[in-house]
Every structure is written in C-alpha cells, then in structure tokens.
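Proteins get letters first, then strands, A, B, ... in listed order; numbering begins at 1 in each. All values derive from a computational prediction rather than experimental measurement.
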Amino acid sequence: MRPLATLFSTHLLAVYPESHNEIQSFYMKLPWKHAIVLGASSGIGKALAEELLASGVKVALLARRTDAMEAMAKSAPSDNAKVYGHDVRKYEGIPALFQQITKDLGGLDLVIYASGSMPSVDEHEYDFSKDREMLETNLLGGVAWLDEAAKRFEQTKMGTIIGISSVAGERGRRGSPAYCTSKAALTTFLESLRNRLRRYGVKVVTIKPGFVDTEMTTGKPGLFWLISAKEASHRILSAARSGANTAYVPGRWRYVMFVIKIIPSFVFRHLPI
Amino acid sequence: MSRLLANDRIERIKGWGGAVASVGYVWRPSTIDQLLEVFKLARESGRHVTVRGAGRSYGDASIGSENIILDMTRMNRILEWDPTTGIVRCEAGATIEQLWKYCISDGWWPPVVSGTMFPTLGGVVGMNIHGKNNFKVGPFGEHVLAFDIMLPNGEIRTVTRENDPELFYAAVGGFGMLGVFTSITLQMKKVYSGVLEVESIVAKDLHELFEVYFQRIPESDYLVGWIDAFAKGKKLGRSQIHKANYLKPGEDPNPAQSLRVENQELPNNILGFFPKSVVWLFLRPFMNQLGMRFVNWAKYLSSRIAPEGKKFKQSHAGFAFLLDYVPDWKKSYGPGGLIQYQSFIPKETAEAVFRKQLEMSQASGNVPLLAVFKRHRPDKFLMSHAVDGFSLALDYKVTESNRESIWNLAHAMNEVVLSAGGRFYFAKDATLTPDAFRRFLGDETIDKFLKLKHRYDPEHLLETDLSKRLLGSDPQSFTNRTPSKLNENAESTTS
C-alpha cells in the first residue's frame, strides 16, 4: 500500500518524492513484463531502458546507434535485452518490425517513445533540413510507432504507452520553432490516443521533462534545475505506474508551466524566454 | 522476412481461471483445408501453433504467447451416431454438452464427464479428463475407440489402441503436443433412467472422510467429496460426500420421460428466485476469506442437519455439471481470477498429504475457497495424472497482492506431493516447475514423450505456454536434447 499522501500528490499535483531512495521505497516493483523503448541509445531513453532491465523487464532496445545498446544488452540479466538498429524515420518497415519484436519478446505491455532530436538552432536560423529532422524524429516516428502500439493494445485491452514530450511543447518560444511544434504536436497526439484508448483499459502517459542532463542539453546555455537522466527515468516510471496521465519531470515544472501558459501572447513575445 | 500476420487476429486470451493470460493470433478454421492453411501460415511466419478447444483448462494449457492460436470450436459436428451400439463419432470441437444432449434420449450418457459440460472433446481427450467415477471407469481415454489426428506435416491418421498403441496412449493426455484431433470415436454408457440415486453423507473430519470412501467405494458409481477447507484442528477436513448410482433397468417407471433433454436441464433460477445469469454478482461479496468461511460453514451445517442416509433422485446433468449451476461463477473471484491446485496421491499417504496441504494453506493465509476430493485408479496412458489413490482439488483466489505467496505455496506443496509419489494434472496446472514436472513423470516417461514429439512434430510447431513452462521454448535445443541435457536444463531453470 502506498501512503495516501503519495496517491494524492501523484494524481492531483504530480509532485513526486525528491530523493531516489524515497522513490524506490514507494515503488519497489514495476508492473510490466515486456517493453519496447525507442531511443534507447542515449539520454532519457537509455536510462529508462536500464531501469526496466534492472527490474527484470524484458526490453527491446531501438535506436540508430547500436553500440551503447549492445553494451547494455551484455550486462543485462539473462538475455532480457534485445537490440534493434532502427531509424524511426524509416516508417514503411515499422509494422513488420513491430510484429517481429513482439514475437521476439514473447509479449508486450509497455511502449516508450523517447526518440528525440534537438540540434542547436540559433535565433536567425531557418534551416528546413534541421526542422524536418526534428519533426520526423520527434513526431512522425512517434505517430508511426504508437499507431502500431495503440492498435495492438486496443485489441488486447491492456498496456501502457509512455510518450516523452517536453515542457517546450507548451508555448511557441523564440528558441527552436520546429522543436516546440514537434513536442506540442506529440503532446496532442498522446492526448488523443489517451482519449481513444482509456475505455479499453490502456494507459497513455504524457511526460513533460524540464532540463535533463543528457547529450541533448550538454553545452546549451541557460539551464537550471538540471536533473540526471537516471532521476528522470525513476520519476517517469513512477508516474506511469501510479496512473498519471501527464507528468512534469520533476513535478515543480507544473507550476512554472502554469504561469508560462497564462502569459498573454502580446506579453510573451517580448520576453526573452 | 517472415510473413506478416493480420493485426486484427490479435486477441488476449486467458486461461479459464483468469489468473494467466497471453496474446496470440487466433484462427478458427471450419474445414480440414483451413486447418492445413493454419499450419502453412505458422511455417511461413515462423510461429508456433497452440491448439485450443473451449479454453476450459484452468491454467496455461490452451494459451500461447505470440503464437498462432488454433481455436477448434467451429469444427463441432456430430458425424455418426449408432443408438444400438452407443458408438458416436464427433469432430474435435464438439462439446460434452452437444454430446449428451444428442444421445440421451436414446438412453446413452457420456462414460466420463467433467464438472462442467462446456469442454470440447478434443480438449477432453488431449487432457484425458476424469470424472467423479474415475475409480470405477478410468479416465475418458479408456472409452475412446479411435481418433483421427492431424500431424503437423498435414497427414491425418486414424489411430486405435490396436493399430498404433504407442501414439494412442501418448496423444490421449498428451496436451496437444503431438497433433490436432480432428475426430473422436467414443463408446457411450447405456443408462436406463434419466436420474441417478444420490445420497449425501457427512464426515466430521479428514480421517472419517477417508473411512467413508473406503467403505462406500464398492457400492458406488460416482463419489465426490467437498471439504470445508477453513475448518481447523480436530475439525480439519470436515466434509460432505455425494454418492450416486445409476438406476437398474426397470427401476425407473418412465425412463422415456426422465431421459428427455428438458428434464435434464439445470434450473434457470437459483433458490427459486435469482436468475442464474446474475448469481455470480451476488456471490462476489462472499468470495474472500471471511465470506467463504461463512459459506463453507453454512454448507457443512446444512448437510449436518439433513437426515442421515436419505436418498434423492437427481438428473444426470444436475449431478454431473455442478459447476454450471452458476454461469460465469469464476467472475465472482474478481479480476485476478483463480487457480486450482490439484494433486493425486497414492492411497497409503493421501490422508497425511492432504492434511499437510490444508494446514499449509491455512498457515499461509490463503485458504482455498473450494476443495473437492475424489478417488482414482491408475491407467496406462503415458502422461497420466492418475494414481491408485485420491485427489484433492483446491481453488485459490488470486489477487495482485497474494499472487506471489500462492505460487510459493504451490511450490512448497509440490515437494510434499512429490515425496509422497504424487502426480499432477495439466488441465488444472498453472504453477508446476520443470523440475517437479520431471520428477513426477520420471525421466523415462519424459524421454519417451519427447521422442514421440520429435517423430511427429520435428519442427516443434505445437507449443503452448504450458509446454514452454515445463519443456522450455527453444525448438533447437528441444530437438537436440538428450536425456542428460534435459535434466541439466530442468535443474538450471528452477535453481
């Protein structure tokens, strides 16, 4: 039994216990057995895959770069990790690969879309090839994969989908228009999926991380409240387990984004955010 | 790239008890050609085939994760019936219900039936089920005259115990590992009335239960005991026994009436009031340790106050299919479902073993909500579960929080069963380990079975979650496995 206070906080306020130990003691065991993690070679995806493997979940690891995943697979217990080199922009191959993976895993109850791309874009740059890469990786790949997952979960009437979106999707900021757009669209897509699938007992969880210390953010200016990928992964899995629909990681971003969202557009455009 | 399967075939299928489930691609053929297609598809997509009938096995015997599920329920015709000899030939998807309803007006009843009428005959033969008359007539397989079996290579063979005893005695009870039954020829049992003479007997404790059994067995056609598993100490094993006998020719003044199907049907209302389709809802609040303690107590008490030795008449269906009185009763167990732990113990040690099992359950806090006791006799089938002794079937309610402790309890009880020379039953099993599987059947039997498996299914196409759990999943190592390797593997899986 979790203490009542935790239930209250996770559902209503999405404030999570601050230290790792605290979190671990609340959520000892994960409810999933077979998972697909997209974007498992680095960052949040990698941390999620590691945590799932450490708790005995069988995980399919997908990303373009396989080196890091192979290393992870070697240290994983009893053949629990399966590695697939895959570019999420190769949409045509996804249905066949999805079916292959479910067969290799011997089941499926969790799909995490953590693939993401955020090349640095300066304030005067309008580079379609970069923008396209972000939209394809952050959004279209997610749509292609989660469509497959949703189709299966609707029929099996179970399963969890976790989409790693971002606080960046809450407003169109000056920084990187295509990145904000891709995450805003992903957030909306996940909400639609949730509304479609709830009646079948399928959970869809939208994760909105703030700044997480990963390759993506290394060297970027203006970072604060930076948390490790490991901590982010803890909080993400805890939120998904406790039945949250949307979780900010860490939770205090909810209040920040609440304020940012209510700033009127004519004011927002003058702010150096 | 292997052939892609249609996504809309995906279904999540539960074992009947609802405590285990997995996702598969379901095909429901209606002809032999479609059946062949399914095997072709399995080869092209690199998947295994799980044969499934009505899905009434409690555990994982008819489910197969990510496999092609071959659901046989549409191949359910009764092909030939001879009311003078009582020999019937049915497709494997025909159910016990179809069978008895079809034959009873001619004065024939299935020689062996389960506590429910919904299993298919393919499943019944694949599991070699027993009834409340096992001590007298043996398992279902002893009444099968012949069967047609489709081997995974597509060949259909007609097998009798004379023309191929090896395959006959292995495929009956071979839990769908050697081929797919396409038809079953069965010898029915002649009856001279639609009713049985039933007597209810009370036993104050476990010892008395055994005494009653030993005393009453010679004069009984059916004998089944229900135990109040909540009773402790001196009252441990207090129980109610139902004994039933066929009527002799002439005893029923009007057999044509009592043999009519509508005079066999189970009542539509329970206690004359509750429509039976919703009774499970009313049972739900009782399906916990406290509620069932009360229900068991009340049931025992009511049998105590009933006059001793009073006999009454009950229809065949009414006596045989107790589990069907409340449709969907398993739903009253809640979303976690139930498992049944049934072990078969030689008569010399059975009392001690069952006493121990009841005590272990009580000590662990997981008291079985239903406990059923039967007498058995050994048979010649290769993968037989029967012994010259007794069985106790224990129904445990499974929830998210007690799941682990129930599995641990089952594993602990396995040791008690194995050290007493006991056996297990694949139609019920959900918890057996490869090690216990090997120990109860013995290396020789398992090697024999595996040799037949290699011969008839060299590609290892037929697989279920049960077979994966007990035999391992890798077809290659399965094919190359020598007896000594098998032992190593079994040990390493459980350690």
Side-chain angles (χ1 to χ4, degrees), chain A residues 1-2 27-36 55-58 60 77-80 82 84 86 90 92-111 144-160 197 200-203 241-243, chain B residues 1-15 18 20-26 41-50 60 63-69 335-337 399-405 407 463-469 472-477 489 492-495:
Chain A
M1 266 318 245
R2 289 190 298 275
Y27 309 105
M28 293 293 286
K29 217 173 135 194
L30 299 174
W32 304 288
K33 290 202 175 80
H34 306 100
I36 295 177
S55 349
V57 180
K58 241 180 160 179
S78 65
D79 202 23
N80 268 0
K82 310 239 177 252
Y84 305 84
H86 170 69
K90 299 269 186 291
E92 295 76 21
I94 289 174
L97 182 58
F98 182 85
Q99 198 169 94
Q100 181 64 40
I101 290 173
T102 53
K103 180 173 170 240
D104 294 349
L105 287 177
L108 183 69
D109 47 17
L110 174 65
V111 176
W145 272 96
L146 299 185
D147 270 349
E148 285 300 313
K151 200 188 299 178
R152 179 180 163 109
F153 287 160
E154 180 181 310
Q155 274 172 240
T156 58
K157 300 185 176 59
M158 42 99 47
T160 303
L197 295 176
Y200 301 106
V202 180
K203 282 186 204 156
R241 202 209 134 111
S242 69
Chain B
M1 195 75 195
S2 58
R3 183 168 160 187
L4 216 57
L5 297 175
N7 272 326
D8 54 9
R9 295 283 181 177
I10 290 180
E11 284 178 37
R12 181 163 184 260
I13 304 174
K14 291 180 177 181
V20 288
S22 63
V23 173
Y25 297 76
V26 183
L41 193 64
R43 286 194 181 86
E44 287 173 4
S45 62
R47 294 196 185 239
H48 298 286
V49 175
T50 296
D60 49 6
I63 60 177
S65 187
E66 298 303 315
N67 292 357
I68 289 178
I69 311 292
T399 62
E400 212 178 312
S401 57
N402 78 0
R403 196 179 171 93
E404 213 177 315
S405 88
W407 256 252
E463 182 200 86
T464 60
D465 282 354
L466 174 88
S467 78
K468 241 186 294 188
R469 173 158 58 85
S473 60
D474 183 5
Q476 209 50 46
S477 76
N489 195 323
S492 65
T493 332
T494 47
S495 59

Legend entry - Spacing of CD belonging to B:E66 relative to CG belonging to A:L108, to within rounding of 0.5 Å: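 One gets 8.0 Å once the value is rounded to the nearest 0.5 Å.
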Legend entry - Reported NZ-to-OG distance for the pair A:K33 and B:S65, which is rounded to 0.5 angstrom: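 Those atoms lie 10.5 Å apart.
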Inset, instruction - Please look at A:K103 and chain B and tell me whether the side chain, the backbone, both or neither of the residue comes under 4.5 angstrom of a heavy atom of that chain. - result: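 Both parts, heavy atoms under 4.5 Å.
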Inset, instruction - For each of B:G64, B:S22, B:G46, tally heavy-atom pairs with chain A at distances under 4.5 Å, and name the one with the top tally. - result: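 Option with the top pair count is B:G46.
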Legend entry - Contact origin within B:S401 toward chain A - heavy atom pairs under 4.5 Å: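 Contact with chain A involves no heavy atom of B:S401 at all.
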Inset, instruction - Would you mind checking which part of B:L5 comes under 4.5 Å of any heavy atom in chain A, side chain (CB onward), backbone (N, CA, C, O), both or neither? - result: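 Both backbone and side chain of B:L5 come within 4.5 Å of chain A.
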Legend entry - Any side-chain heavy-atom pair of A:E148 and B:N7 under 4.5 Å: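 Yes, close enough: below the 4.5 Å cut-off.
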Inset, instruction - Only one of A:R152, A:M158, A:Q155, A:K157 passes side-chain contact (heavy atoms from CB on, under 4.5 Å) with B:R12; say which it is. - result: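 Between B:R12 and the candidates, side-chain contact (heavy atoms from CB on, under 4.5 Å) is satisfied uniquely by A:M158.
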Legend entry - Residues in salt bridge (Lys or Arg N to Asp or Glu O under 4.0 Å) contact with B:R9, at least two apart in sequence or another chain: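 Partners of B:R9 under the salt bridge (Lys or Arg N to Asp or Glu O under 4.0 Å) test: none.
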